[in-house]
Amino acid sequence: MPSTLPDGDPVPADGALPRSALHGLGTRPFAFYVHVPFCVTRCGYCDFNTYTATELGPGASRDSYADTAIAEIRMARKVLGDADLPVQTVFVGGGTPTLLAPDDLGRVLAAIDAEFGLAPGAEVTTEANPESVDEAYVAKLREVGFTRVSYGMQSAREHVLAVLERTHTPGRVPQVVEWTRKAGFEHINLDLIYGTPGETDDDWRASLEAALECEPDHVSAYALIVEEGTRLAAQVRRGELAAPDDDAMADRYLIADELLSAHGLHWYEISNWASTPEAACRHNLLYWTGADWWGVGPGAHSHVGGTRWWNVKHPAAYAARLAEGTTPAYAREVLDADDRRIERIMLELRLADGCPAGLLDDAAVRRAIAEGLIDPGPHARGRAVLTRRGRLLADAVTRDLT
């Protein structure tokens with residue numbers, strides 16, 4: 001089941017933000033994240049805020065979801081006032097967003113455009129499971145304004161997909177990529193997961209090679225995390241599956257970096273590779289560089305001007321609050337200057353451009369350079385950039401540098 005929400009400070013019923021959050025509004029890039037909390041089945045490793053039909057219960061449905069999301073978009077406009085906020089990127093995630101009709105996704109996008117305006121050349125992405133779309137569906141996505149699709153491929157090996165409880169077959173991915181490219185999408189991402197119990201180095205290489213054969217301009221590769229409360233965690237606890245091995249995870253990361261780089265996809269963030277700067281996911285770059293965004297949907301998180309808040313988790317509770325004209329926000333926190341500095345370091349260090357060296361403890365940086373964790377070249381120009389070895393140890397390096 002989905003993990004629990006963190007505690008925080010109460011949010012006014014009308015969702016009003018503190019004055020500090022509104023200071024400088026419009027001078028920072030602005031984006032929307034739209035969470036679609038529906039799935040046909042729950043994968044054994046997943047602890048995202050998603051619900052199958054049997055878990056959903058009364059008070060919420062796929063059919064009414066677009067209207068509920070639009071109500072929050074209109075509330076966002078009221079909360080943020082009259083500031084000129086052209087939307088640079090929209091990312092629709094889940095769950096399985098493509099369980100909604102493409103016309104419904106289009107209506108949500110149109111509401112964002114009507115209330116805030118999409119910036120010229122805005123990036124508009126949806127996630128999709130390979131089995132949730134067909135040729136007509138992706139053609140309609142392009143027609144209603146989407147510019148990028150991110151497919152959950154995860155693996156090209158059937159036994160790995162079975163452990164993850166993914167329902168698509170490996171051959172489905174090339175087919176949907178072909179349809180997506182035919183529909184006019186220039187930017188296509190494939191998501192992969194490494195470290196699944198039973199996966200070998202050869203399995204992982206085969207998955208990377210299968211992804212590359214589809215010629216995406218972007219690949220994301222994430223280490224499997226065994227989240228408490230998931231079926232996968234229970235299987236590991238009972239000894240039915242082996243826990244992911246840290247050394248194997250490191251080897252798989254190196255295999256990915258070497259193979260993807262050899263095929264012209266270069267890392268720009270620890271878990272993401274793109275063929276060109278234009279192919280990088282601009283939405284995620286906004287997260288990593290401290291932009292403002294409004295998260296629509298149950299359990300969605302938002303950030304504006306150093307204030308972060310998160311919505312109630314269940315779709316029925318979310319819908320009920322909006323029907324009453326009340327904010328769906330569950331709680332919030334206001335980050336102080338030190339919190340914001342640490343978050344900036346944590347996020348920007350993940351990027352190939354790194355972060356300003358002046359934000360970091362100088363002695364710790366020099367120690368990291370001596371240990372081969374920080375690249376001395378960019379450091380001489382005032383940037384702290386992780387080496388490949390540093391990327392493998394990013395969390396520990398970040399803790400030491402802050």
Side-chain angles (χ1 to χ4, degrees), residues 5-6 8-26 28-38 49 51 59-95 97 100 104-119 122 124 126 145 283 286-287 291-334:
L5 286 170
D9 298 325
V11 180
D14 62 359
L17 292 172
R19 186 174 299 176
S20 62
L22 300 177
H23 179 70
L25 189 64
R28 301 174 295 270
F30 183 64
F32 265 90
Y33 170 75
V34 180
H35 186 68
V36 178
F38 309 117
N49 189 45
Y51 302 82
S61 73
R62 291 185 206 170
D63 292 341
S64 62
Y65 186 72
D67 290 327
T68 306
I70 289 168
E72 186 179 2
I73 292 163
R74 291 172 177 160
M75 178 175 285
R77 180 75 275 183
K78 291 178 182 177
V79 170
L80 297 174
D82 297 328
D84 185 20
L85 291 171
V87 177
Q88 305 293 322
T89 66
V90 179
F91 194 103
V92 184
L100 297 187
D104 279 349
L105 294 177
R107 288 198 300 118
V108 172
L109 181 59
I112 293 171
D113 191 22
E115 295 294 336
F116 292 89
L118 292 171
V124 184
T126 186
H283 184 85
L286 293 186
Y287 288 157
D292 292 338
W293 76 89
W294 192 290
V296 171
H301 288 232
S302 303
H303 170 267
V304 173
T307 294
R308 181 187 294 114
W309 68 96
W310 43 96
N311 287 347
V312 293
K313 296 196 72 167
H314 199 280
Y318 170 77
R321 289 198 180 197
L322 284 163
E324 296 166 357
T326 302
T327 177
Y330 174 80
R332 75 184 183 195
E333 61 180 343
V334 179

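Computed from a predicted model, the values in this text were never measured in an experiment.
Between L286 atom CG and F32 atom CZ the span is 13.0 Å, to the nearest 0.5 Å. In this structure, the separation between OG1 on T89 and OH on Y33 is 12.5 Å, given to the nearest 0.5 Å. Here H35 contributes atom NE2 and N311 contributes atom CG; the two are 10.0 Å apart, rounded to the nearest 0.5 Å. Between the CZ atom in R77 and the CG atom in D82 there is a gap of 6.5 Å [rounded to 0.5 Å]. In this structure, F116 CZ and I73 CD1 are separated by 8.5 Å, a value rounded to the nearest 0.5 Å. Going from atom CG of D63 over to atom CG of L100 covers 9.0 Å, rounded to the nearest 0.5 Å.
Side chain of T307 to main chain of V334: no donor-acceptor pair is present (N/O by atom type, distance under 3.5 Å, no hydrogens or angles). With hydrogens and angles ignored, the 3.5 Å screen pairs a side-chain donor or acceptor of E72 with a backbone N or O of G297.
F91 meets the ring-ring contact (aromatic ring centres under 6.0 Å, His included) test with H283; sequence neighbours excluded. Looking at residues two or more places apart in sequence or on another chain, you find a ring-ring contact (aromatic ring centres under 6.0 Å, His included) between F38 and Y65. Here D9 pairs with nothing under the salt bridge (Lys or Arg N to Asp or Glu O under 4.0 Å) rule; sequence neighbours left out. Listed by chain and number, the residues in a salt bridge (Lys or Arg N to Asp or Glu O under 4.0 Å) with D113 amount to none (sequence neighbours excluded). Every residue was checked against the side chain to side chain donor-acceptor pair (under 3.5 Å) condition with Y330, not counting sequence neighbours, and none meets it. Shown here are the salt bridge (Lys or Arg N to Asp or Glu O under 4.0 Å) partners of R308, two or more places apart in sequence or in another chain: E333, E343. Every residue meeting the salt bridge (Lys or Arg N to Asp or Glu O under 4.0 Å) condition with R28, not counting sequence neighbours, appears here in chain and number order: D292. For P6, the side-chain contact (heavy atoms from CB on, under 4.5 Å) partners two or more places apart in sequence, or in a different chain, are W310. Residues that satisfy the side-chain contact (heavy atoms from CB on, under 4.5 Å) test with S64, not counting sequence neighbours, are S61. Among residues two or more places apart in sequence or in another chain, the side-chain contact (heavy atoms from CB on, under 4.5 Å) test is passed with R74 by I70, E115. Residues satisfying the side-chain contact (heavy atoms from CB on, under 4.5 Å) criterion with A16, sequence neighbours excluded, are D14. Contacts of W293 classified as ring-ring contact (aromatic ring centres under 6.0 Å, His included), with partners at least two apart in sequence or in another chain: Y287, H303.
Across P37 and P298, no two heavy atoms sit closer than the pair CG-CG, 3.6 Å. For the pair P328 and R321, the tightest heavy-atom approach, listed with the atom from each and the gap, is CA-CD, 3.8 Å. Taking all atoms of both residues into account, the shortest heavy-atom contact from L25 to A83 is CD2-CB, 3.8 Å. Heavy-atom minimum distance, M75 versus T327: SD-CA, 3.6 Å. Summarising the geometry of W309 relative to V304, their closest heavy-atom pair is CH2-CG2, 3.7 Å, with the distance given to 0.1 Å. The two residues V11 and G15 make their nearest non-hydrogen contact at CG1-CA, 4.1 Å.
Using a 4.5 Å heavy-atom cutoff, the side chains of D67 and R107 are in contact. Counting heavy atoms from C-beta on, the side chains of V92 and V108 never come closer than 4.5 Å. Between L5 and N49 there is no side-chain heavy-atom pair separated by less than 4.5 Å. Taking 4.5 Å as the limit, some side-chain heavy atom of V90 sits within range of a side-chain heavy atom of L118.
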Next item on the list: Might you work through the side-chain contact (heavy atoms from CB on, under 4.5 Å) test for V36 and T126, ending with a clear yes or no?
Entry: CA-CA 10 Å; V36 178; T126 186; over 6 Å; no
